[in-house]
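Only one structure is covered here, and it is reproduced in the block below.
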Amino acid sequence: MSAAHRSAEVVYHRPGGKRSQQAYDLDPVEDGVFWQAAEFSQNHVYPKPLLEVRVPYKNETAHWEFDDWKSFLSTSEGLFPDPPAADLSEWAERIRSKTGYDREFLLEALKIYKAMEKR
């Protein structure tokens, strides 16, 4: 934490050597600004689907990711891409098998993301 700037930086170390970082401003946010940002966030969905789940892999915890209609396993041994899915139904089933999420919910969400591509 930097006393002068009242911020904290978190560094994430992930399997496969991937590293990312995020800085957080620790100064309080006024309620009005907070609620305005929350409202904006609720009304603006990132147009590319992204989901990540931790999965057991050999003697480690790996990450399986679904990112912009591609999926892969990220491990300390590297990235292992999955073959492309034929359609939304196959994507829903693949995601369900990795996450345990309800298949119908996933299919509905994927349809929404697919429709967002056409805008």
Side-chain angles (χ1 to χ4, degrees):
M1 182 165 114
S2 168
H5 297 288
R6 292 198 34 85
S7 64
E9 184 175 277
V10 177
V11 179
Y12 304 92
H13 298 270
R14 297 174 41 187
K18 189 173 180 180
R19 189 174 160 219
S20 60
Q21 60 195 50
Q22 179 72 46
Y24 296 94
D25 185 343
L26 300 178
D27 289 326
V29 176
E30 293 179 24
D31 282 353
V33 172
F34 175 80
W35 290 114
Q36 184 179 14
E39 181 68 21
F40 179 86
S41 177
Q42 287 294 311
N43 290 303
H44 293 83
V45 175
Y46 186 69
K48 296 179 182 178
L50 172 64
L51 182 140
E52 180 178 324
V53 64
R54 292 183 173 112
V55 295
Y57 177 79
K58 296 184 179 178
N59 292 324
E60 67 178 286
T61 299
H63 291 84
W64 181 82
E65 298 182 38
F66 169 67
D67 183 4
D68 195 18
W69 308 105
K70 295 180 184 119
S71 62
F72 55 91
L73 183 66
S74 176
T75 75
S76 62
E77 298 170 357
L79 296 178
F80 298 94
D82 294 329
D87 55 26
L88 293 182
S89 182
E90 188 177 332
W91 275 122
E93 183 54 33
R94 185 179 298 177
I95 296 168
R96 186 212 56 77
S97 73
K98 300 294 184 182
T99 64
Y101 293 171
D102 181 79
R103 187 183 185 289
E104 292 307 311
F105 166 79
L106 291 167
L107 190 54
E108 184 66 27
L110 292 172
K111 286 177 183 176
I112 292 168
Y113 275 104
K114 198 49 106 169
M116 289 173 67
E117 286 183 343
K118 297 174 182 167
R119 289 187 208 168

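Just so you know, residue 1 is the first one in the sequence shown, and it goes up from there. Hydrogens, waters and symmetry mates play no part in the numbers below; they use all other heavy atoms, side chains included.
Note that the CG atom of D87 and the CD atom of E93 stand 11.5 Å from one another [nearest 0.5 Å]. Note: D25 CG to S7 OG = 7.0 Å, rounded to the nearest 0.5 Å. Distance check: R19 CZ to Y12 OH gives 12.5 Å after rounding to the nearest 0.5 Å.
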Under the side-chain contact (heavy atoms from CB on, under 4.5 Å) criterion, do L110 and F66 qualify, and how do the steps go?
-> CA-CA 11 Å; L110 292 172; F66 169 67; 3.8 Å; yes
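Among residues at least two apart or in separate chains, there is no ring-ring contact (aromatic ring centres under 6.0 Å, His included) pair with a member in residues 99-119.
For the residue pair L88 and K111, the shortest heavy atom distance occurs at CD1-CG, 3.8 Å. The two residues D102 and E104 make their nearest non-hydrogen contact at OD2-N, 3.1 Å. V29 approaches F34 most closely through the heavy-atom pair CG1-N, 3.7 Å. Here the closest heavy-atom approach between residue F72 and residue D82 is recorded as N-OD2, 3.9 Å. Across A62 and T75, no two heavy atoms sit closer than the pair CB-CG2, 3.7 Å. The two residues W64 and I95 make their nearest non-hydrogen contact at CH2-CG1, 3.8 Å.
Counting heavy atoms of neighbouring residues, nucleotides and ligands inside a 6.0 Å radius, atom CZ of R103 exceeds 12 of them.
Take A85 and apply the side chain to side chain contact (heavy atoms under 4.5 Å, CB included) test, not counting sequence neighbours, and it matches E90, W91, R94.
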Listing, residues 44-52 side-chain donor-acceptor contacts under 3.5 Å, not counting sequence neighbours, or none:
residue	atom	partner	partner atom	Å
H44	ND1	F40	O	2.8
E52	OE1	R14	NH2	3.3
E52	OE2	H63	NE2	3.4

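At a threshold of 4.5 Å between non-hydrogen side-chain atoms, the residues E65 and S74 count as touching.
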